[in-house]
Amino acid sequence: MSNLKRSGCFSDLASLNENRCCTSAIGPNRALASILTKSSSLISVPQNRDYHEVTGNIICPNVVRGIDHLRDPRLNKGLAFTLEERQALGIHGLLAAKFKTQEEQLDICRISIDRYEDNLNKYLYLVELQDRNEKLFFRLLAENIEKYLPIVYTPTVGLACQRFGLIYRRPRGLFITINDKGHIFNILKNWPEPDVRAIVFTDGERILGLGDLGAYGMGIPVGKLSLYTALAGIKPHQCLPITLDVGTDNQDLLEDPLYIGLRQKRARGKEYDEFIDEFMEACVQRYGQNTLLQFEDFALINAGRLLKKYRNKYCTFNDDIQGTASVAVAGLMAAVRVTKRKLSENIYLFLGAGSAANGIASLTVAAMVAEGLTEQQAQERVYMFDVDGLLSTRREGGVPEHAKAFGKNIEPEKDFEACVAKIKPSCLIGCSTVGGAFTPNVLQQMAKNTERPVIFALSNPTSKAECTAQAAYDNTEGRCIFASGSPFPPVKYNGKEYHTGQGNNSYIFPGIALGVIATATHHIPETMFLTAARTLAHYVSEEDLAIGRIYPSLAELKEVSVNIAIEVAKMAYDEGLGSLYPMPRDFKKHIKRFQYMFKYATHLPDRYSWPPSPKVDYKSSTGLLHPCNT
Ligand SMILES: NC(=O)c1ccc[n+]([C@@H]2O[C@H](COP(=O)([O-])OP(=O)(O)OC[C@H]3O[C@@H](n4cnc5c(N)ncnc54)[C@H](O)[C@@H]3O)[C@@H](O)[C@H]2O)c1
Ligand SMILES: O=C(O)C[C@H](O)C(=O)O
Ligand SMILES: [Mg+2]
């Protein structure tokens with residue numbers, strides 16, 4: 001370096017960066033880039049070598065001015081830029097003199113967040129960090145999952161969605177409105193990243209258990225995709241959050257002066273269906289046929305039927321139906337080790353008969369069939385109770401179409417407590433959005449039904465949970481096996497402390513997504529969710545069970561996600577669904593190759609040496625590697 005400094009190469013490099021450009025220039029710099037591409041470059045490209053090869057450890061395939069290295073969150077390292085980088089990139093003097101390591105920066109982040117008492121402020125701090133320094137944000141999240149998952153994700157993300165009009169500052173993701181019908185592909189083209197592999201999208205109609213939040217639902221795909229990166233290491237530039245704004249039927253929002261979405265009633269019927277059709281087509285047209293399309297928080301009237309419509313035509317899944325089913329079945333499998341009852345020996349009662357309940361029930365049936373029951377025998381063990389009472393074929397209005405498989409020819413019952421006493425379930429599963437619906441009487445009845453009752457209060461966020469962890473223990477003499485969708489503090493019962501688990505689809509969808517992306521799988525069959533459930537259940541240790549947890553700790557989520565990805569990837573090839581060839585010999589290595597590097601990369605151009613450092617893998621199947629996209 002010192003030789004270079006003496007020879008004045010740094011000023012050379014700074015101007016080099018200003019002029020750097022390439023054909024894949026994107027976003028606001030596109031016009032400038034195309035002009036510069038035509039102008040003479042300072043880099044002389046040896047014959048038969050392409051531009052990226054010659055530029056070596058290129059900063060970004062974009063036109064990047066010095067200051068952009070600080071303004072672009074994907075490039076910014078703040079005080080962690082070294083002296084050489086500061087000089088080479090033309091940002092020397094734009095930063096304070098101190099050089100910091102990423103570890104030192106992480107300490108400051110932790111201290112800063114801890115200063116906030118209010119979770120929404122913590123959320124805002126993290127949003128701001130992601131907007132400022134992406135690698136620091138993801139490393140902070142990935143290394144402190146237990147602490148920050150409840151902030152960027154459930155339950156705080158629910159509050160953020162409710163206040164979205166107030167906290168909305170910078171766009172993250174795309175808003176595509178019903179008025180864009182006929183032009184969706186063009187809107188997708190405005191997204192500055194060309195290498196998108198996964199899209200999480202919502203129409204905002206059933207945001208957690210909070211109902212129709214319209215365009216305010218954007219917090220959900222953003223939060224889900226943060227976990228794609230933090231838990232599964234899927235690269236952030238490959239992830240795209242989208243809100244499909246088709247209006248809202250939430251009158252409060254329509255009258256809310258802060259509301260940022262379309263101020264009109266929801267589009268329904270043909271218009272809505274055509275819009276979703278066009279959206280699905282546009283996504284694959286823009287990003288390729290294996291683009292993973294994750295449906296999130298769609299209302300019951302659309303969730304199941306859209307899954308049915310698209311599941312064999314696109315690489316798609318519905319997280320609320322299938323991801324939730326997988327995590328719940330994993331919990332049931334782990335619980336078998338405590339209850340000593342096989343899955344097929346339980347009686348299941350669901351409170352709520354919507355997307356989540358039907359997803360869980362169907363996968364539980366599949367797991368019981370794997371234990372030897374017929375499908376009909378398995379279905380007979382599953383009861384559901386919705387807003388109109390027990391799903392009885394004899395009730396007025398009968399059983400809704402989407403839950404037909406679980407309707408029973410028995411006396412109708414509208415009193416849930418009476419139902420728990422009559423049916424005597426051993427597993428009670430709440431997906432109703434009704435906070436506190438598992439009353440002390442219901443829980444006490446569960447303790448009478450069986451020695452070790454399984455009680456899942458899966459509704460989110462915390463205020464919608466059917467009961468708290470403490471209430472479940474208090475009302476079952478501490479004999480229950482409990483899990484909840486949102487986290488609860490440790491339970492104290494009879495002088496012992498229990499740490500109950502979070503039955504949340506966050507244990508599943510990041511791993512499924514990584515496995516699917518890494519194999520370019522074109523369809524996601526139901527059996528993949530059973531495989532994911534088995535992999536997750538396998539991770540539950542005796543220590544977990546001893547403290548009341550039927551899931552591994554959140555701290556293990558990254559390892560769990562990678563292992564789910566590996567199993568999903570193997571299955572993809574076994575079933576002829578993977579389309580990336582040759583088939584990997586070592587799946588673990590293969591999966592790792594797709595993963596993000598949370599630590600900073602050097603931003604020094606490698607032009608001093610030729611050929612460039614052998615450590616740099618310029619081209620891989622994941623696309624061109626450069627510091628901002630590793
Ligand atoms: N833990 C997780 O990973 C996870 C995953 C998905 C969904 N959820 C949560 O589960 C809840 C339900 O989600 P969904 O997608 O199934 O919603 P949904 O709208 O599809 O279903 C809700 C169901 O609850 C029923 N219901 C409403 N009020 C009721 C009442 N008073 N008594 C009995 N039933 C009642 C409705 O009739 C409907 O059948 C939400 O709170 C959601 O956040 C959690
Ligand atoms: O978002 C979550 O925390 C889980 C689930 O997808 C939900 O809709 O509640
Ligand atoms: Mg959801």
Side-chain angles (χ1 to χ4, degrees), residues 149-150 152-158 160-161 200-213 217 219-227 294-305 307 317-331 349-361 383-391 397 399-403 406 413-417 419-420 428-439 442 456-466 483-487 501-510 536 551:
L149 194 80
V152 299
Y153 187 64
T154 311
T156 308
V157 72
C161 287
V200 177
F201 61 105
T202 186
D203 71 357
E205 192 169 4
R206 195 237 73 199
I207 294 300
L208 307 177
L210 302 169
D212 184 351
L213 295 189
I220 296 295
V222 169
K224 294 270 172 187
L225 285 168
S226 293
L227 304 200
Q294 175 175 330
F295 280 81
E296 195 65 55
D297 288 9
F298 280 69
L300 180 58
I301 42 165
N302 292 317
R305 76 180 180 89
L307 174 63
F317 72 101
N318 182 304
D319 185 38
D320 300 297
I321 300 176
Q322 298 167 287
T324 310
S326 187
V327 75
V329 169
L349 175 60
F350 286 82
L351 183 65
S355 304
N358 278 280
I360 300 169
Y383 295 78
M384 286 186 184
F385 189 105
D386 72 2
V387 69
D388 298 318
L390 187 66
L391 295 201
V399 176
E401 192 54 41
H402 68 266
F406 304 107
E413 179 59 76
K414 287 202 169 192
D415 179 346
F416 185 58
E417 284 179 21
C419 218
V420 176
L428 187 63
I429 302 179
C431 318
S432 64
T433 76
V434 184
F438 294 170
T439 59
V442 165
F456 289 177
L458 299 183
S459 290
N460 293 317
T462 319
S463 61
K464 305 291 178 185
E466 284 76 6
S484 53
S486 301
Q502 202 177 337
N504 192 294
N505 49 33
S506 55
Y507 275 98
I508 300 295
F509 68 79
L536 174 57
Y551 294 103

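Order of listing sets the numbers, starting from 1, for every ligand and every atom in it.
The heavy-atom pair separating Asn358 from Met384 by the smallest distance is OD1-CE, 3.8 Å. Nearest heavy-atom pair, Pro400 versus Asp386, reported as atom, atom and distance to 0.1 Å: CG-OD2, 4.2 Å. The shortest non-hydrogen separation linking Leu300 to Ser355 is CD1-N, 3.6 Å.
With a heavy-atom cut-off of 4.0 Å, Thr324 touches ligand 1 through its side chain alone. Here Asn504 has side-chain heavy atoms under 4.0 Å from ligand 2, and that is the only part of it that gets that close. Residue contacts with ligand 2 for Asp320 involve side-chain atoms from C-beta outward but no N, CA, C or O (heavy atoms, distance under 4.0 Å). Contacts between Asp297 and ligand 2, counted as non-hydrogen atom pairs separated by less than 4.0 Å, involve the side chain only.
Looking at atom 21 (O) of ligand 1, its nearest protein heavy atom turns out to be Gly354 CA, 3.3 Å. The nearest heavy-atom contact from the protein to atom 27 (C) of ligand 1 is Ser432 O, 3.4 Å. With hydrogens left out, the protein atom closest to atom 7 (C) of ligand 2 is Arg206 NH2, 3.4 Å, a heavy atom. Distance from atom 25 (C) of ligand 1 to its nearest protein heavy atom, with residue and atom name: Gly352 CA, 3.8 Å. Remark: minimum distance from atom 42 (C) of ligand 1 to any protein heavy atom is reached at Arg206 NH2, 3.7 Å. In terms of protein heavy atoms, atom 39 (O) of ligand 1 is closest to Ala353 N, 2.9 Å. Protein heavy atom at the shortest distance from atom 12 (C) of ligand 1 is Cys431 O, 3.4 Å. Residue, atom and distance of the protein heavy atom nearest to atom 3 (O) of ligand 2 are Thr154 OG1, 2.3 Å. Among all protein heavy atoms, the one lying closest to atom 5 (C) of ligand 2 is Asn505 ND2, 3.4 Å. From the protein, the heavy atom lying nearest to atom 1 (N) of ligand 1 is Gly503 O, 2.9 Å. The shortest contact between atom 9 (O) of ligand 2 and any protein heavy atom is with Asn460 ND2, 2.8 Å.
For ligand 1, the atoms closer than 4.0 angstrom to any heavy atom of Ser459 are 9 (C), 10 (O), 11 (C), 41 (O). Interface of Glu296 with ligand 2, defined as ligand atoms under 4.0 Å from a residue heavy atom, comprises 6 (O). Atoms of ligand 1 lying under 4.0 Å from at least one heavy atom of Val434, given by number and element, are 28 (N), 29 (C), 30 (C), 31 (N). Proximity to Lys224 (heavy-atom distance under 4.0 Å) selects the following atoms of ligand 2: 1 (O), 2 (C), 4 (C), 5 (C), 6 (O). Within the listing of ligand 1, atoms 6 (C) sit less than 4.0 angstrom from a heavy atom of Asp320. Close contacts of ligand 2 with Tyr153, meaning ligand atoms under 4.0 Å from a residue heavy atom, involve 1 (O), 2 (C), 3 (O), 4 (C). Interface of Leu351 with ligand 1, defined as ligand atoms under 4.0 Å from a residue heavy atom, comprises 33 (C). Ligand-side atoms of ligand 2 in range of Leu208: 1 (O), 2 (C), 7 (C), 8 (O), 9 (O), range being under 4.0 angstrom from any heavy atom. Atoms of ligand 1 found under 4.0 Å from any heavy atom of Gly209 (numbered from 1 in listed order, with element): 40 (C), 41 (O), 43 (O).
Leu351 has its side chain within reach of Glu466: a pair of non-hydrogen atoms, C-beta onward, lies under 4.5 Å apart. Counting only heavy atoms from C-beta outward, the side chains of Asn505 and Lys224 approach each other to under 4.5 Å. The side-chain heavy atoms of Phe350 and Ile360, taken from C-beta on, include a pair separated by under 4.5 Å. Considering only heavy atoms from C-beta on, Ser486 stays 4.5 Å or farther from Leu208 through its side chain. Side-chain contact between Leu349 and Ile429: absent, with no pair of heavy atoms (C-beta onward) separated by less than 4.5 Å. Between Tyr383 and Phe406 there is no side-chain heavy-atom pair separated by less than 4.5 Å. At a threshold of 4.5 Å between non-hydrogen side-chain atoms, the residues Pro155 and Pro487 count as touching.
Remark: ligand 1 and Asn505 share an N or O pair separated by less than 3.5 Å (distance only, no angle test). At least one N or O atom of Ala356, backbone or side chain, sits closer than 3.5 Å to an N or O atom of ligand 1. Not a single N or O atom of Thr433, backbone or side chain, sits closer than 3.5 Å to an N or O atom of ligand 1. Residue-to-ligand polar distances place Ser355 within reach of ligand 1: an N/O pair is separated by less than 3.5 Å. Between Val327 and ligand 1, not a single N/O pair is under 3.5 Å apart. Where the criterion is an N or O separation shorter than 3.5 Å, residue side chain and backbone included, Gly485 fails it with respect to ligand 1.
For Asp320 (side chain) and Asp297 (main-chain N/O), a donor-acceptor pair under 3.5 Å exists by modelled atom type. The main-chain N or O of Glu296 is found under 3.5 Å from a side-chain atom of Thr202 such that the two form a donor-acceptor pair. Of the possible polar contacts, none joining the Asn318 side chain to the Leu307 backbone as a donor-acceptor pair under 3.5 Å is found. For Thr154 (side chain) and Pro150 (main-chain N/O), no donor-acceptor pair under 3.5 Å exists by modelled atom type. Not a single donor-acceptor pair under 3.5 Å links the side chain of Ser432 to the backbone N or O of Gly352. For Tyr551 (side chain) and Asn504 (main-chain N/O), no donor-acceptor pair under 3.5 Å exists by modelled atom type. The backbone N or O of Asp319 sits less than 3.5 Å from a side-chain atom of Thr324, completing a donor-acceptor pair.
Relative ring orientation between Phe385 and Phe416 is described as perpendicular, the plane-to-plane angle rising above 60° on a 0-90° scale split at 30° and 60°.
For the Mg ion (ligand 3), the tally of protein N/O/S atoms lying closer than 2.8 Å stands at 3.
Ring to ring, Phe295 and Phe317 are not that close: their centroids are 6.0 angstrom or more apart. The distance between the ring centers of Phe201 and Phe298 falls below 6.0 angstrom.
Relative to atom 8 (N) of ligand 1, the option among Val387, Leu390, Leu458, Ile321 with the closest non-hydrogen atom is Leu458.
Checking each of Val200, Val327, Leu227 against Phe509 for a side chain to side chain contact (heavy atoms under 4.5 Å, CB included) leaves exactly one that passes, namely Leu227.
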